[in-house]
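As structure tokens, the structure follows; a few thoughts come after it.
For the numbers below, each heavy atom of this structure counts, side chains included, while hydrogens, waters and symmetry mates do not. We count ligands from 1, going down the list as the structure has it; atoms in each ligand are counted the same way. Keep in mind it's a predicted model, so treat the numbers as computed, not measured.
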Amino acid sequence: MKFSITPSTENSSPNILYKPFQLDLALSTVALEITVFTVGDIWCSYILYDGNGNIRAEYIGPSTPQPVIITENTQFSPNTIAGNFGSAPWCLEVCGIMKENTPLEKIKIEIEVTEKNNAQLKHLKESLPTENPWYSIKKGVFELTDENPQNKKEETKWYRGDFHTHTIYSDGKMSREENLIQAEKMGLDFFTATDHNIVPTSWPHSTEVLVIPGVEITSPHGHYNQIGVRNSPFQDKGFLLLQTTEKLAKSFEKKETQQHLNSINHPFLGEWKWLAGETNLHLVDAIEIWNDPTYHLNPDATEKALLAWDQALSDGHKITGIGGSDSHLRPDDRYPEAEFPSLIGDPSTYVFSEKLDIPNILSRVKAGNVWVSRFDCKIDFAVEGQIAGSRLPYQKHVTAFANVTGIDTCRIEWIINGEIMATEESSESQQSFEFVNNSYNYIRVTIRDLEGKLIGFTNPVYFGEKQPSLTYWKELAETL
Ligand SMILES: [Zn+2]
């Protein structure tokens, strides 16, 4: 079977091509082989639903190995789910995201689906490696009970991780195995797998690094991560959730069973900035304040994100600031004119937890027990003896302490309610403050080198509470 889409045949919005196709499979079919061909500057994704409406394969170009193979019993291709074929028609939902200003006459997607019977499957089995997943999606739901069986770290400490990574299964250059190896080299305890618009259904084993399933929801209106996600975000509405800013904002709502975190990625970064102004800030668990520091547009975008974050915090929101390397490149590769290679774990996000598992890491991120840094720099930060994320009752006078290790010289900026209240050119700083507001205040630190370049930042310690007055992202963006 061959399916094709061009902008002239189907078009649901200026930047998105979209069309679902029905697949009537032969009764003898026990495997499918799917190959995508594209012409022009377009990213093609598809989701394959079986006759029961369950997701059986997810795909996004341009570098994902093809063809994608789905069978009854064994997982051959990553991001697929083995299982029965049944007799009801299947559905192939296809979505192409175009770059703006691409000449439409140059765009075309073609998808070839080949059915295999038992004899042909036998031949396939001999020619393909099989997957050995440590977790798997079933009926679109992750079963996380058997996560990382060999990797049980049960110490109470700061765990080092990265909340934004890519592989060859979207547009990254590293395989999943290579990401694990590099993460281990960087001393990471965990990372979130956030390929564009696909939730991994499996991951290779690691005894050292916890891999948290995730997805970078990638739309023409901006990108956000679902961290610790157990369902495909597209299971109910399909790719139509990417269509408008309203639908994208609505996808932040969670069902009661969903415990993943929503984190807006690189909110002020060039053409990937966050445009879904309808996003309800109360549904935003985290903001990726610091995206890949080696990318030339990020130093400015990060400063803007810090300002916006301080506005939200000052308004009474508790949104956790995190980092993400957004690593796409190989360790020996770097962006043009970059000082450093773009590595997984740069920046690193540190999370205080009793143990290294997904529920604990997620709940600690939600609680804001988090700081972010580069270059193995560690930030010991406490206010009234409490770590980042803590909330204490209002009090007038507080004492605060910050100690930075892993870097020779630095500047510690003390931020209270969005304002720099003290600066010290030292790796250690002890301060006493008197709050001006009499109900709600917060304190955090930003660490810079002596030229002002960002080295790290902590989440705040909060005193008292405040009912936020800003509800939507657009209101926050207008404050800048
Ligand atoms: Zn990304």
Side-chain angles (χ1 to χ4, degrees), residues 15 43-45 58-64 78-79 95 97 99 161-176 178-179 182-183 186 188 190-200 203 211-229 232-234 241-242 248 251-252 260-276 279 284-299 301-302 305 321-331 333-335 338 341-349 365 372:
N15 305 320
W43 269 38
C44 174
S45 299
E58 307 159 292
Y59 169 92
I60 185 162
S63 60
T64 300
N79 310 316
C95 174
I97 299 179
K99 283 246 167 113
D162 186 344
F163 285 105
H164 192 164
T165 66
H166 292 282
T167 73
I168 53 170
Y169 291 96
S170 61
D171 59 343
K173 297 275 187 289
M174 305 263 274
S175 68
R176 301 177 304 166
E178 286 171 325
N179 263 4
Q182 191 58 31
M186 293 290 285
L188 299 192
F190 68 89
F191 66 82
T192 309
T194 53
D195 271 317
H196 300 282
N197 291 345
I198 54 171
V199 181
W203 204 272
V211 180
I212 301 174
V215 56
E216 181 170 23
I217 296 187
T218 303
S219 84
H221 327 293
H223 301 180
Y224 82 94
N225 277 352
Q226 291 191 351
I227 299 167
V229 69
S232 166
F234 304 108
L241 85 76
L242 306 175
L248 188 63
S251 71
F252 278 63
H260 64 265
L261 301 182
N262 294 317
S263 174
I264 296 179
N265 293 346
H266 41 67
F268 299 101
L269 176 62
E271 63 183 286
W272 306 284
K273 64 174 172 280
W274 190 249
L275 299 173
T279 310
V284 178
D285 301 302
I287 298 177
E288 184 188 69
I289 302 297
W290 205 358
N291 180 266
D292 186 351
T294 74
Y295 188 68
H296 71 288
L297 292 176
N298 262 328
T302 303
I322 62 172
S325 71
D326 205 353
S327 61
H328 282 83
L329 305 183
R330 303 191 61 79
D333 203 1
R334 63 183 74 189
Y335 289 109
S342 169
L343 294 175
I344 190 168
D346 181 20
S348 290
T349 301
V365 171
V372 183

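- Side-chain polar atoms of Asp292 and Ser342 form a donor-acceptor pair below 3.5 angstrom.
- For Phe163, the ring pair (Phe, Tyr, Trp, His ring centres under 6.0 Å) test picks out Phe190, with sequence neighbours left out.
- Residues passing the ring pair (Phe, Tyr, Trp, His ring centres under 6.0 Å) test with Tyr295 are Tyr335, sequence neighbours excluded.
- If you check the side chains of Asp162 and Ser325, you find a donor sitting under 3.5 Å from an acceptor.
- The ring pair (Phe, Tyr, Trp, His ring centres under 6.0 Å) check on His221 picks up nothing, with sequence neighbours excluded.
- Only protein atoms were considered; those of element N, O or S under 2.8 Å from the Zn ion (ligand 1) number 4.
- A donor and an acceptor atom, one from each side chain of Asn225 and Glu288, are nowhere located under 3.5 Å apart.
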